[in-house]
Structure formats: C-alpha cells, structure tokens
Amino acid sequence: IDHSSFDGLETVLSRAQFRVKHVVEHIAVQTISVLLILTDVSLTAAASASTDPTFDRRTRIVSYVILGIFIIEVSLRIFGLGPRKFFKSCWEVFDAIIIA
C-alpha cells in the first residue's frame with residue numbers, strides 16, 4: 001500500500017486544523033460569542049415579558065440563528081482542537097452541553 005497519499009492528506013488536515021484552531025481561539029471570535037450570548041439572553045427576557053406574538057416569533061428566529069452559529073463554533077472547535085483534546089477539557093464539554 002502506498003502511504004504517501006495518506007501523508008499528504010494528513011499534512012493538509014493538520015494545516016486546516018491549525019488554522020481553524022487559530023481562528024476559533026482568536027479574541028475577536030470569543031468576543032462575538034459573548035455578545036451573541038448576551039443578545040440571546042436579552043431577547044429571551046424581552047420576549048418573556050412581551051405579549052406581542054410577532055415579537056415573540058422574531059426573537060425565536062433570532063435565537064435559532066444564534067444557536068446555529070454556536071453549533072458551528074463548537075463543531076469547528078472540535079475539529080481545531082481535535083476530538084481527544086476537546087473532550088478532555090471540562091470547559092469545552094460544559095460549553096457543548098449548554099449549547100445542546
């Protein structure tokens with residue numbers, strides 16, 4: 001079996017994994033994540049106090065979009081850190097459970 005093609009694939013994957021890890025750990029991405037959390041909490045609180053069904057529907061849509069962004073972020077962190085390292089981190093696992 002020719003393993004040279006696997007070595008090339010491993011190198012490409014390692015580079016992609018390094019780049020993704022670098023992006024998801026960047027302070028800008030972390031800041032955006034915190035802002036999205038605060039936005040979602042604020043909208044949820046406002047929706048629970050509102051009697052307007054249109055506002056409630058819109059806030060649910062925004063919450064689903066934010067949830068989708070977080071699912072993508074966690075998926076990228078699993079790829080960037082590698083599954084073994086990701087699931088060894090209690091903080092990463094806690095974050096993933098909260099999102100789920």
Side-chain angles (χ1 to χ4, degrees):
I1 298 175
D2 181 17
H3 294 287
S4 62
S5 61
F6 291 116
D7 293 339
L9 178 62
E10 185 176 309
T11 303
V12 170
L13 275 174
S14 295
R15 286 183 190 153
Q17 197 172 19
F18 175 79
R19 288 180 180 147
V20 167
K21 180 179 184 264
H22 181 72
V23 169
V24 296
E25 291 181 343
H26 194 277
I27 189 71
V29 172
Q30 293 175 359
T31 302
I32 291 168
S33 293
V34 169
L35 291 174
L36 286 173
I37 290 168
L38 294 174
T39 300
D40 194 36
V41 168
S42 299
L43 287 173
T44 302
S48 67
S50 173
T51 58
D52 181 10
T54 303
F55 181 74
D56 184 48
R57 187 175 69 245
R58 289 179 181 163
T59 56
R60 264 188 280 130
I61 291 169
V62 171
S63 288
Y64 287 139
V65 169
I66 290 172
L67 176 63
I69 292 168
F70 284 134
I71 290 170
I72 292 168
E73 181 201 6
V74 167
S75 300
L76 290 173
R77 279 193 283 146
I78 291 170
F79 175 73
L81 294 172
R84 187 170 289 145
K85 187 174 180 182
F86 180 88
F87 289 106
K88 280 186 179 180
S89 167
C90 293
W91 179 251
E92 298 290 356
V93 172
F94 173 74
D95 194 29
I97 289 170
I98 294 298
I99 290 171

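The distance from atom CG of Asp95 to atom CD1 of Ile37, rounded to the nearest 0.5 Å, is 7.0 Å. Taken to the nearest 0.5 Å, the OG atom of Ser50 stands 11.0 Å off from the CG atom of Leu43. With rounding to the nearest 0.5 Å, the separation of CG in Leu81 from NZ in Lys88 is 12.5 Å. Rounded to the nearest 0.5 Å, atoms CD1 (Ile78) and CD (Glu92) are 9.0 Å apart.
Within 6.0 Å of the CZ atom in Phe55, the count of heavy atoms belonging to other residues, nucleotides or ligands exceeds 12.
Of all the heavy atoms in Ala45 and Ser48, the pair that sits closest is O-OG, 2.8 Å.
Both Ile97 and Val74 belong to a common hydrophobic cluster when Ile, Leu, Val, Met, Phe, Trp and Tyr are linked at side-chain heavy-atom distances under 4.5 angstrom.
Under the ring pair (Phe, Tyr, Trp, His ring centres under 6.0 Å) criterion, the residue pairs touching residues 78-100 are Trp91-Phe94, with sequence neighbours excluded.
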Distance-only criterion, 3.5 Å: show the donor-acceptor pairs between side-chain atoms of residues 19-32 and protein atoms not counting sequence neighbours.
from	atom 1	to	atom 2	distance (Å)
His26	ND1	Ala28	N	3.0
Gln30	NE2	Glu25	O	3.3
Thr31	OG1	Ile27	O	2.7

Could you go through residues 64-72 and list every donor-acceptor pair under 3.5 Å that involves a side-chain atom there, pairing it with any protein atom two or more places apart or in another chain?
none

